[in-house]
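In listed order, ligands and their atoms are each counted from 1.
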Amino acid sequence: MIRKLLIANRGEIACRVIKTARRLGIATVAVYSDADVNALHVKMADESIHVGPAPSKNSYLQGDRIIEAAKKLNVDAIHPGYGFLSENAAFANACAKNNVIFIGPPASSIEAMGSKSAAKTIMEKAGVPLVPGYHGDDQARDTLKAAADKMGYPVLLKAAAGGGGKGMRQVWSEDEFDEALAAAKREAMASFGDDIMLVEKYLTQPRHVEIQVFCDSKGDGVYLFERDCSVQRRHQKVIEEAPAPGMTEALRSTMGEAAIKAAQAIDYVGAGTVEFLLDADGSFYFMEMNTRLQVEHPVTELITGEDLVEWQIRIAEGNPLPKEQSTLSIRGHAFEARIYAEDPDNDFLPATGTLSLLQPPQEDTHVRVDTGVVEGDEVSVYYDPMIAKLVVWSENRDIALERLLKALREYHIDGVTTNIEFLYNVAANKAFRDAELVTTFIEKHQDSLF
Ligand code: ADP
């Protein structure tokens with residue numbers, strides 16, 4: 001039994017985890033940096049402990065210090081949220097060594113998915129469909145180039161260690177290859193300290209459809225259906241929804257089964273997301289597996305009526321899956337819009353400042369706002385500038401979209417530049433209403449979005 005939980009994170013996700021823990025009667029411990037002394041997640045937790053100065057590498061990424069704090073306060077388990085230490089195999093291992101439950105998969109599963117090339121090798125063996133491409137160890141320029149030439153352009157160069165859309169370059173013809181390779185390697189080295197590259201066929205009009213899976217420690221798995229995250233800017237998600245429009249029952253179960261197979265191939269335990277590209281002809285290809293709770297998990301919660309953090313906690317305690325596949329079903333439609341402090345008119349540059357006015361729409365059964373800030377708080381340069389996740393639910397996609405537009409109109413923030421108007425323009429776009437979703441959506445509709 002988990003009686004006391006430390007949340008090794010900040011902001012909205014720390015607050016989100018605390019809410020479920022509180023409902024389950026589990027005591028909570030927040031960690032905080034110098035910049036977060038008065039933060040909402042600290043106020044919400046039963047106890048809190050300082051872990052270092054503002055920069056995350058000196059505080060929220062200090063695994064040893066966080067484990068020390070957990071031991072000092074007699075914590076049973078650590079929830080890592082997303083980002084920070086959530087996909088850090090060494091941290092998961094250190095938790096186990098110190099008899100603290102890490103709410104996530106075993107370190108070996110994290111490691112297996114840590115490299116996109118190693119992950120593809122495992123998935124290939126497990127029979128999960130892959131984006132055609134090269135993911136070998138031989139990294140010589142000529143080998144990579146020959147692979148690209150052979151599969152035909154356009155190709156996508158991708159950092160094996162990549163994340164957050166970094167270290168990726170499209171190559172449209174042979175003569176762009178060398179320059180793109182150099183740029184992708186440079187960015188990968190700077191961001192991840194590793195410049196191993198994959199070459200993939202670049203799909204020009206795919207959708208990003210991901211499957212939420214859960215496995216328990218006995219190895220049983222279920223899927224909590226899909227999310228469509230095609231609306232992206234520079235490979236970063238902007239608006240997500242569930243279920244994916246136009247999904248047939250047959251494709252849903254084929255993709256769901258493939259996702260479970262992917263998870264079981266790495267002896268997965270807990271919550272995970274298997275990301276696929278879905279082509280117009282219904283072919284789907286494994287991209288990667290995220291071994292943690294995703295930012296966009298609330299849309300899945302709203303259409304299934306399940307609390308994914310509760311599932312994580314139950315499974316981490318060693319319990320079997322809370323539900324069997326046949327008892328899970330989809331009800332209605334949900335959207336999530338990521339409200340950011342950023343300036344869409346200035347290349348989406350992160351914005352900072354004091355939230356002098358913070359007036360979200362009224363929360364009810366149709367509207368949920370996950371946030372980690374209150375009026376008067378500072379949006380600083382230190383952390384991800386997400387202010388909130390606006391999540392809406394309704395009986396069907398059309399009504400849910402109306403709710404989303406209404407909620408965006410009712411969201412008022414002053415003191416910091418935000419992307420609210422941009423999100424509104426995306427949601428109000430006719431092609432979005434018609435669910436013409438592709439990963440190039442924002443590029444394609446540039447002119448009507450700004
Ligand atoms: P990261 O880990 O950096 O987020 P992913 O591999 O998850 O990288 O890819 C991020 C996004 O890039 C995808 O959602 C998709 O929009 C795009 N993408 C990735 N691979 C391909 C591909 N082979 N063809 C077309 N688009 C791709």
Check each atom of ligand 1 against the heavy atoms of Glu275 and keep those under 4.0 Å away; list them by number with element. 7 (O)

State which residue, out of Glu176, Met197, Arg186, Arg169, fulfils the side chain to side chain contact (heavy atoms under 4.5 Å, CB included) condition with Leu181. Met197

Note: Asp370-Lys19 ion pair, threshold 4.0 Å (strictly below): no

Decide whether Thr248 and Arg252 meet the rule of one side-chain donor and one side-chain acceptor closer than 3.5 Å. no

Quick one: sort the Phe348 and Phe450 rings into parallel, tilted or perpendicular, breaks at 30° and 60°. perpendicular

I need the nearest protein heavy-atom contact for atom 7 (O) of ligand 1: residue, atom name and distance, please. Glu288 OE2, 2.8 Å

Which residue holds the protein heavy atom closest to atom 8 (O) of ligand 1, what is that atom called, and what is the gap in Å? Met168 CE, 3.2 Å

Interfacing atoms of ligand 1 (cut-off 4.0 Å, heavy-atom, Lys201): 22 (C), 23 (N), 24 (N)

Looking only at protein heavy atoms, what sits closest to atom 24 (N) of ligand 1 is Leu203 N, 3.0 Å

At under 4.0 Å between heavy atoms, what of Lys158 touches ligand 1? The answer is side chain

Report, as yes or no, whether the 6.0 Å neighbourhood of atom CD on Glu179 holds more than 12 heavy atoms from other residues, nucleotides or ligands. no

Note: Leu277, heavy atoms under 4.0 Å from ligand 1, region reported as side chain

Spatial distance of atom CD (Gln264) from atom CD (Glu257) [nearest 0.5 Å]: 9.0 Å

Residues which pass side chain to side chain donor-acceptor pair (under 3.5 Å) with Asp345, listed by chain and number, not counting sequence neighbours: none

With heavy-atom distances below 4.0 Å as the criterion, list the atoms of ligand 1 near Gly163. 1 (P), 2 (O), 3 (O)

So does Ser33 get a backbone contact from the side chain of Tyr60, meaning a donor-acceptor N/O pair under 3.5 Å? yes

Starting from atom 3 (O) of ligand 1, which protein heavy atom do you reach first, and at what distance in Å? Gly165 N, 2.6 Å

Looking only at protein heavy atoms, which one is nearest to atom 16 (O) of ligand 1, and what is the separation? Gln232 OE1, 2.7 Å

For atom 26 (N) of ligand 1, which protein heavy atom lies nearest, and how many Å away is it? Tyr202 CE1, 3.7 Å

Cation-pi, Tyr424 ring and Arg409 (6.0 angstrom, 45 degrees): no

Hey, which atoms in ligand 1 end up nearer than 4.0 Å to a heavy atom of Val131? 23 (N)

Under 4.0 Å from any heavy atom of Met287, which atoms of ligand 1 are there? 6 (O), 9 (O), 13 (C), 14 (O), 19 (C), 20 (N)

Selected option - heavy-atom contact closest to atom 18 (N) of ligand 1, from Val155, Leu156, Thr439, Val209: Leu156

For atom 2 (O) of ligand 1, the protein heavy atom that lies nearest, with its residue and separation: Lys116 NZ, 2.5 Å

Ranked by distance from atom 12 (O) of ligand 1, the top protein heavy atom is His235 ND1, 3.0 Å

Establish, yes or no, whether the cationic atom of Arg10 lies under 6.0 Å from the six-membered ring centre of Tyr383 and within 45° of the ring axis. yes

